2 protein chains.
Amino acid sequence: MSAADQYQAFKQLGLKLDMSRGKPAPEQLNLSNALLDALDGYKGADGTDLRNYGGTVGIPEARALFAQLLDVPAAQVVVDGSASLSLMHDVIVYHLLNGAPGHAPWVREPVTFLCPVPGYDRHFSICEARGIKMINVPMNQQGPDMDLVEQLVAQDASIKGMWIVPKYSNPGGVVFSDQVVARLAAMKTAAPDFRLMWDDAYRFHHLGEHKLAVANILDACAKAGNPDRAFVFASSSKVSWAGSGIAALAASPANIAWWTKHAGIRSIGPDKINQLRHVQLLKDVPTLEALMEQHRQLLKPKFDAVLEQFQQHLGEVPGVSWTRPEGGYFIDLVTPDGAARRTVALAKEAGITLTPAGAAFPYGVDPKDRHIRIAPSFPSLDEITKAAQGIALSLKVALAS
Amino acid sequence: MSAADQYQAFKQLGLKLDMSRGKPAPEQLNLSNALLDALDGYKGADGTDLRNYGGTVGIPEARALFAQLLDVPAAQVVVDGSASLSLMHDVIVYHLLNGAPGHAPWVREPVTFLCPVPGYDRHFSICEARGIKMINVPMNQQGPDMDLVEQLVAQDASIKGMWIVPKYSNPGGVVFSDQVVARLAAMKTAAPDFRLMWDDAYRFHHLGEHKLAVANILDACAKAGNPDRAFVFASSSKVSWAGSGIAALAASPANIAWWTKHAGIRSIGPDKINQLRHVQLLKDVPTLEALMEQHRQLLKPKFDAVLEQFQQHLGEVPGVSWTRPEGGYFIDLVTPDGAARRTVALAKEAGITLTPAGAAFPYGVDPKDRHIRIAPSFPSLDEITKAAQGIALSLKVALAS
């Protein structure tokens with residue numbers, strides 16, 4: 001049977017699957033259903049009534065937990081509401097309107113960010129929406145093309161920042177090498193207030209047997225004499241519940257003071273009761289790692305199923321490749337030039353909604369139209385197996401037409 | 001015994017009371033301890049898994065609840081996290097960086113806000129921190145001096161907004177008359193993108209027997225041909241828990257679409273589980289009103305105690321007056337010119353921390369140094385009675401020195 005015939009037969013299945021986002025599956029959310037239980041008390045360890053106003057930096061217990069998890073001093077961590085994306089957004093807004101400590105507000109001059117590609121669409125949306133120009137930087141196996149990054153930041157003072165997903169990157173699954181981390185921390189930047197937006201979104205989200213580690217960027221920056229360069233972001237979104245977790249920011253003491261001042265204008269404090277719920281649930285590093293192992297048991301078979309289908313249907317197709325991630329939430333399917341958009345459209349016709357082709361690039365434009373982000377987490381194992389087959393057939397048809 | 005001697009005797013009591021903020025008392029927070037109970041389910045009425053990502057505008061049930069409470073269509077309400085202050089902040093940030101629909105970003109030109117005084121210090125802090133100039137407008141019994149407001153907004157296109165607490169205002173307890181609401185909605189503004197920041201913080205927070213009502217500003221604006229003029233803010237902060245409630249924004253359909261677009265850049269959605277908890281707790285208008293009546297029972301005696309002490313100790317002192325609020329969280333103690341700051345300092349020496357004199361004015365400057373904000377809610381009845389006496393004695397000593 002030809003690929004076209006197989007594709008037509010697949011369409012007849014009448015699948016209806018939304019794989020556009022990296023959402024946890026209900027079975028993963030069930031792992032944290034203890035959050036539904038009655039809460040034992042409403043006071044912090046220091047006696048604070050957590051129901052009342054106050055506490056811009058988060059409760060001490062939650063700061064201590066994220067300090068352990070991120071390997072930084074608790075005084076350099078603030079814990080906030082459910083979305084680390086909001087912390088990233090606001091760090092940029094405060095830079096735009098108020099400026100870094102001792103520096104002018106960014107908004108007075110053109111601002112540019114470097115964007116390793118393919119990358120996370122919501123990072124790029126923040127830049128696009130708030131008037132920040134973006135420059136693509138290619139990703140290699142060890143991280144972004146550092147020769148290019150060093151050259152760009154050294155010569156252009158309008159380059160004020162760079163997006164980073166240092167581990168199991170979205171969508172390429174790249175794990176930054178120690179050398180890349182060291183170069184990012186130490187490189188000379190024309191802008192004295194250059195910032196690394198270090199989104200450690202998948203720090204605990206291993207798929208392989210080995211828990212890969214990435215060098216500590218705050219330590220590296222401090223050692224290189226650039227202590228205020230990096231803002232580190234993390235959250236419990238894909239640990240507990242995606243919509244009701246807690247998020248953290250880690251940075252230098254000066255940056256924490258700066259953030260606290262500006263965040264204190266926006267709010268009297270985050271939801272401290274939900275922080276208490278999470279401290280009781282996640283407890284410490286071993287407890288969290290045991291929970292993440294349960295996530296891994298649910299996720300690994302889905303990733304394996306996609307890889308198996310791709311191997312079976314696309315293994316012999318020239319110019320097609322895909323990532324085999326050691327962690328994170330995505331597989332990057334790479335097509336020959338000009339085939340990604342058509343493949344996504346064909347998959348859509350067959351009932352499979354994928355992230356729009358190009359979404360992993362600034363302005364939604366994949367210059368060579370080659371990348372398709374696959375998010376295996378949400379569908380069931382049976383659904384994702386079928387879907388991977390349908391995507392593979394869609395790509396084959398796209399290449400044949 | 002002279003006032004000076006009485007003050008010295010009072011100091012010997014060694015009181016230690018923080019009355020600087022309008023925080024609910026623990027007994028008030030206890031009224032909502034059902035929020036600690038196990039949650040019955042995690043799905044919305046429409047079947048949505050509320051644990052997962054999504055839902056920028058809030059869950060339908062919470063939107064419907066605030067629609068009832070604010071007397072607006074549910075489609076014109078969004079429900080967010082715990083702080084309405086954050087909604088206000090972000091509405092201003094999106095105007096600064098992106099502009100109102102069809103208008104230029106505010107940040108390109110000088111921006112001014114009108115600030116009825118005395119008013120809420122955190123409103124003024126947002127302006128000061130984000131580079132917005134402020135102009136004082138005196139408050140009268142019925143609302144701000146509308147002749148002055150109309151004159152200012154008609155002539156100065158840099159005036160882009162105005163802070164409003166329409167009911168039981170902080171700290172003066174003013175309830176806006178229908179005529180003031182109508183004039184605010186209909187007045188000609190030189191700026192086409194002029195905005196009313198309508199902070200309906202005390203909408204349900206009655207102290208008197210009668211539940212006073214203020215005219216619907218969104219209706220008034222629509223009727224006057226200025227449908228996009230007002231953003232209405234409310235929250236459950238002083239209904240359920242101050243630090244872990246839910247907040248709402250109501251506005252015209254165009255403004256809701258604009259807000260949703262910009263908030264969607266910042267976050268994938270608010271904590272929907274906490275919204276579900278609140279919908280189960282607050283249910284509907286009668287349930288919420290019954291809860292607010294319990295708050296009233298706790299708050300009224302404290303306000304009465306302050307008023308009684310003031311009457312007893314200050315009733316005969318020329319030039320001293322105070323408000324007798326019908327609702328809200330504050331009493332405004334008005335001193336003769338130049339005595340407020342000194343009184344606050346003397347109270348501090350006697351162990352009573354008050355909101356800094358001047359805090360109710362932009363830039364923290366009360367031009368005549370006359371207003372002291374009294375927040376009776378948090379201390380016990382016994383404490384607040386003593387504190388009111390101490391404040392009265394402090395004022396008498398300030399006037400005698």
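Below, chains carry the letters A, B, ... as their sequence lines are ordered, and counting in each starts from 1. Predicted model, so just to flag it, every value in this text is computed and none were measured.
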(request) Check the pair K160(B) / D193(B) against salt bridge (Lys or Arg N to Asp or Glu O under 4.0 Å), numbers first and verdict last. (result) CA-CA 6 Å; K160(B) 295 290 195 183; D193(B) 49 355; 2.8 Å; yes
(message) Just by distance, no angles: are the side chains of Y363(B) and K133(B) close enough, under 3.5 Å, to form a donor-acceptor pair?
(response) no
(request) May I ask you to check whether D271(A) and S82(B) show a side-chain donor-acceptor distance below 3.5 Å? (result)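 No.
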So what's closer than 4.5 Å to chain B heavy atoms on [X]: side chain, backbone, both or neither?
X       : result
R108(A) : neither
P270(A) : backbone
I265(A) : both
L50(A)  : backbone
L96(A)  : side chain
D40(A)  : neither

(request) Answer with yes or no after comparing the ring centroid distance for H278(B) and W241(B) against a 6.0 Å cut-off, counting only values under it. (result)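 No: the rings miss the under 6.0 Å criterion.
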(request) Select, from V107(B), L35(B), N52(B), the one with the greatest count of heavy-atom pairs under 4.5 Å involving chain A. (result)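 Greatest number of close heavy-atom pairs with chain A: N52(B).
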(request) Could you tell me whether a side-chain N or O of S125(A) sits under 3.5 Å from a main-chain N or O of D121(A), the two making a donor and an acceptor? (result) yes
(message) Parallel, tilted or perpendicular: which one describes the rings of F113(B) and W163(B), with boundaries at 30° and 60°?
(response)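 Tilted: the ring planes of F113(B) and W163(B) meet at 30° to 60°.
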